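Nothing here was measured: the structure is a model prediction, and the numbers come from that model. All values below come from the heavy atoms of this structure, side chains included, with hydrogens, waters and symmetry mates left out.
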Amino acid sequence: MDKNDVILRVSNLTVELDDKLILENVSFDLHAHETLVILGPNGAGKTVLLRSLLGLLPFRGRVEWRAGTRIGYVPQRIPLNRELPVTVGDFFELRKARRSDVPALLSRVGITDPDFPRKPLGLLSSGQFQRVLIAWALMNDPNVLLFDEPTAGIDVAGEDTIHKLLQRARSESGFSMILVTHDLSTVYSEATHVLCIGHGATCYGAPSEILDPDVLRSVYGSDAKFYRHSHG
């Protein structure tokens with residue numbers, strides 16, 4: 001890869017929270033138009049890594065974003081008060097979006113119902129809310145999208161839809177993506193590179209290098225079983 005294509009360079013990133021070591025000496029690069037999939041068991045520090053990249057948590061080491069990089073972020077499981085008197089349109093206005101622009105923003109994630117902006121946010125299904133969050137993250141036309149567990153709490157049909165939306169958005173906009181997941185099958189359809197963290201081990205490389213039983217055993221602590229599954 002051309003070093004000028006490096007959007008993000010992480011060197012020896014170490015994170016301690018409440019005197020507990022969460023991540024140690026994590027290093028990787030993210031290039032233009034790449035998708036980096038971060039794998040690991042629950043509690044391995046995947047979300048902590050994303051929050052550190054965003055500067056939301058203290059860390060040691062180096063996190064170097066290319067100047068001018070615009071970042072979109074879709075967090076995992078935002079608590080949603082079902083009684084909150086906020087519509088979808090209101091939600092977008094919190095980021096200074098004009099009400100007239102909301103339908104176009106929603107159409108990027110496959111929502112074309114003209115009445116949708118008037119729906120109460122608290123009444124959306126998990127899949128609808130995830131689409132809204134993706135549209136929210138794409139508002140500033142990011143160079144990089146950080147996505148934490150994109151299909152958590154969504155049924156299988158919804159999972160396929162979310163992945164197809166991401167693939168389409170990437171093909172249209174060409175952004176790079178860091179995708180946090182515990183779903184090994186996602187690597188086949190999404191990843192150009194893989195970062196594994198867990199059980200004190202870290203590995204980084206191409207999917208052909210990472211999807212090896214010995215490598216996965218060092219990360220997951222046991223034989224990891226997975227199946228090749230295309231999200232279409």
Task: Linked, directly or transitively: Val63 and Leu195 (ILVMFWY side chains, under 4.5 Å) - done: yes
- [ ] Decide yes or no for Val180 and Phe147: does some side-chain heavy atom of the first lie under 4.5 Å from some side-chain heavy atom of the second?
- [x] no
Open item on the list: For Ile197, is there any backbone N or O sitting under 3.5 Å from a side-chain donor or acceptor partner on Lys46?
Closed with: no
- [ ] Walk me through it: do Leu23 and Leu13 pass the test side-chain contact (heavy atoms from CB on, under 4.5 Å)?
- [x] CA-CA 7 Å; Leu23 298 170; Leu13 184 141; 3.9 Å; yes
Please list, one pair per line, the donor and acceptor atoms closer than 3.5 Å that link side chains of residues 202-209 to other protein atoms, with sequence neighbours excluded.
{"from": "Tyr204", "atom 1": "OH", "to": "Asp29", "atom 2": "O", "distance (Å)": "3.0"}
{"from": "Glu209", "atom 1": "OE1", "to": "Ala206", "atom 2": "N", "distance (Å)": "3.3"}

Task: Main-chain N/O of Val48 paired to Ser52 side chain as donor or acceptor, under 3.5 Å - done: yes
Task: Under 3.5 Å donor-acceptor, His33 side chain and Gly174 backbone - done: yes
- [ ] Inspect the contact between Lys96 and Asp101 and indicate whether a charged nitrogen and a carboxylate oxygen are less than 4.0 angstrom apart.
- [x] no
TODO: Of all the heavy-atom pairs spanning Ala137 and Leu145, show the shortest one and how long it is.
DONE: CB-CD1, 3.7 Å
TODO: Hey, could you give me the CD/CG distance between Gln128 and Leu133, rounded to the nearest 0.5 Å?
DONE: 12.0 Å
Task: Derivation of the side-chain contact (heavy atoms from CB on, under 4.5 Å) call for Leu146 and Leu179 - done: CA-CA 6 Å; Leu146 276 57; Leu179 179 65; over 6 Å; no
- [ ] Work out which heavy atom in Phe175 is nearest to a heavy atom in Val144; give both atom names and the distance.
- [x] CB-N, 4.2 Å
TODO: Search all heavy atoms of Ala191 against all heavy atoms of Val37 and return the closest pair with its distance.
DONE: CB-CG2, 3.5 Å
Open item on the list: What verdict does the side-chain contact (heavy atoms from CB on, under 4.5 Å) test give for Leu57 and Ile22, after you've listed the backbone C-alpha separation in whole Å, the side-chain angles of each residue and the deciding distance to 0.1 Å?
Closed with: CA-CA 12 Å; Leu57 292 174; Ile22 308 297; over 6 Å; no
TODO: Working to the nearest 0.5 Å, report the span between CG of Leu121 and CZ of Phe129.
DONE: 5.0 Å
TODO: Spell out, as yes or no, whether a donor-acceptor pair under 3.5 Å connects the side chain of Arg62 to the backbone of Arg9.
DONE: no
Open item on the list: Between Asp212 (side chain only) and Asp214 (backbone N and O only), is there a donor and an acceptor less than 3.5 Å apart?
Closed with: yes
TODO: Grab the two heavy atoms, one from Ile71 and one from Pro142, that are nearest each other, plus how far apart they are.
DONE: C-CB, 3.9 Å
Open item on the list: Looking at Phe91, is its backbone amide N or carbonyl O close enough to the side chain of Trp136 to form a donor-acceptor pair, meaning the two atoms are under 3.5 Å apart?
Closed with: no
TODO: Report yes or no: do Leu50 and Leu17 belong to one cluster of Ile/Leu/Val/Met/Phe/Trp/Tyr joined by side chain heavy-atom distances under 4.5 Å?
DONE: yes
- [ ] Test Asp148 against Thr47 for side-chain hydrogen bond (donor to acceptor under 3.5 Å, both in side chains), laying out the working first.
- [x] CA-CA 7 Å; Asp148 194 354; Thr47 296; 2.6 Å; yes
Open item on the list: Within this structure, what is the CG-CD distance for the pair Leu8 and Glu34, rounded to the nearest 0.5 Å?
Closed with: 10.5 Å
- [ ] May I ask you to test the Val26-Asn12 pair for a side-chain heavy-atom distance under 4.5 Å?
- [x] no
Task: Phe92 vs Arg98 side-chain heavy atoms within contact, under 4.5 Å - done: no
Open item on the list: Main chain of Ser107, side chain of Thr112: is a donor-acceptor contact present, judged purely on distance under 3.5 Å?
Closed with: no
Task: Test item: Cys196 and Val194 side chains (from C-beta on) under 4.5 Å apart, heavy atoms - done: yes
TODO: For Glu172 and Ala169, indicate whether the former's side chain and the latter's backbone hold a donor-acceptor pair under 3.5 Å.
DONE: no
- [ ] Working to the nearest 0.5 Å, report the span between CG of Leu30 and CZ of Arg66.
- [x] 9.5 Å
- [ ] Quick one: closest heavy-atom pair of Arg70 and Asn140, and the distance?
- [x] NE-O, 3.3 Å
Open item on the list: Would you say CZ of Arg95 has more than 12 non-hydrogen atoms from neighbouring residues, nucleotides or ligands within 6.0 angstrom?
Closed with: yes
Task: Whether Thr14 side chain and Asn25 backbone form a donor-acceptor pair below 3.5 Å - done: yes
- [ ] Look at Glu16 together with Arg60 and state whether they make a salt bridge at an N to O cut-off of under 4.0 Å.
- [x] yes
Task: Shortest non-hydrogen contact from Ala44 toward Gly198 - done: CB-CA, 3.9 Å
Task: Donor-acceptor under 3.5 Å (Thr87 side chain, Lys119 main chain) - done: no
Task: Any Val187 side-chain heavy atom under 4.5 Å of Leu39 side chain - done: yes
TODO: Could you check if a side-chain atom of Val10 sits within less than 4.5 angstrom of a side-chain atom of Ser27, using non-hydrogen atoms only?
DONE: no
Task: Close side-chain approach of Thr35 and Ser176, heavy atoms under 4.5 Å - done: no
Open item on the list: Under a plain distance cut-off of 3.5 Å, with no hydrogens placed, do Ser173 and Arg108 share a side-chain donor-acceptor pair?
Closed with: yes
Task: Note, Arg51 side chain near Phe59 side chain (heavy atom, < 4.5 Å) - done: no
Open item on the list: side-chain contact (heavy atoms from CB on, under 4.5 Å) for Arg99 and Asp90? Distances and angles first, verdict last.
Closed with: CA-CA 8 Å; Arg99 182 74 63 158; Asp90 295 334; 2.8 Å; yes
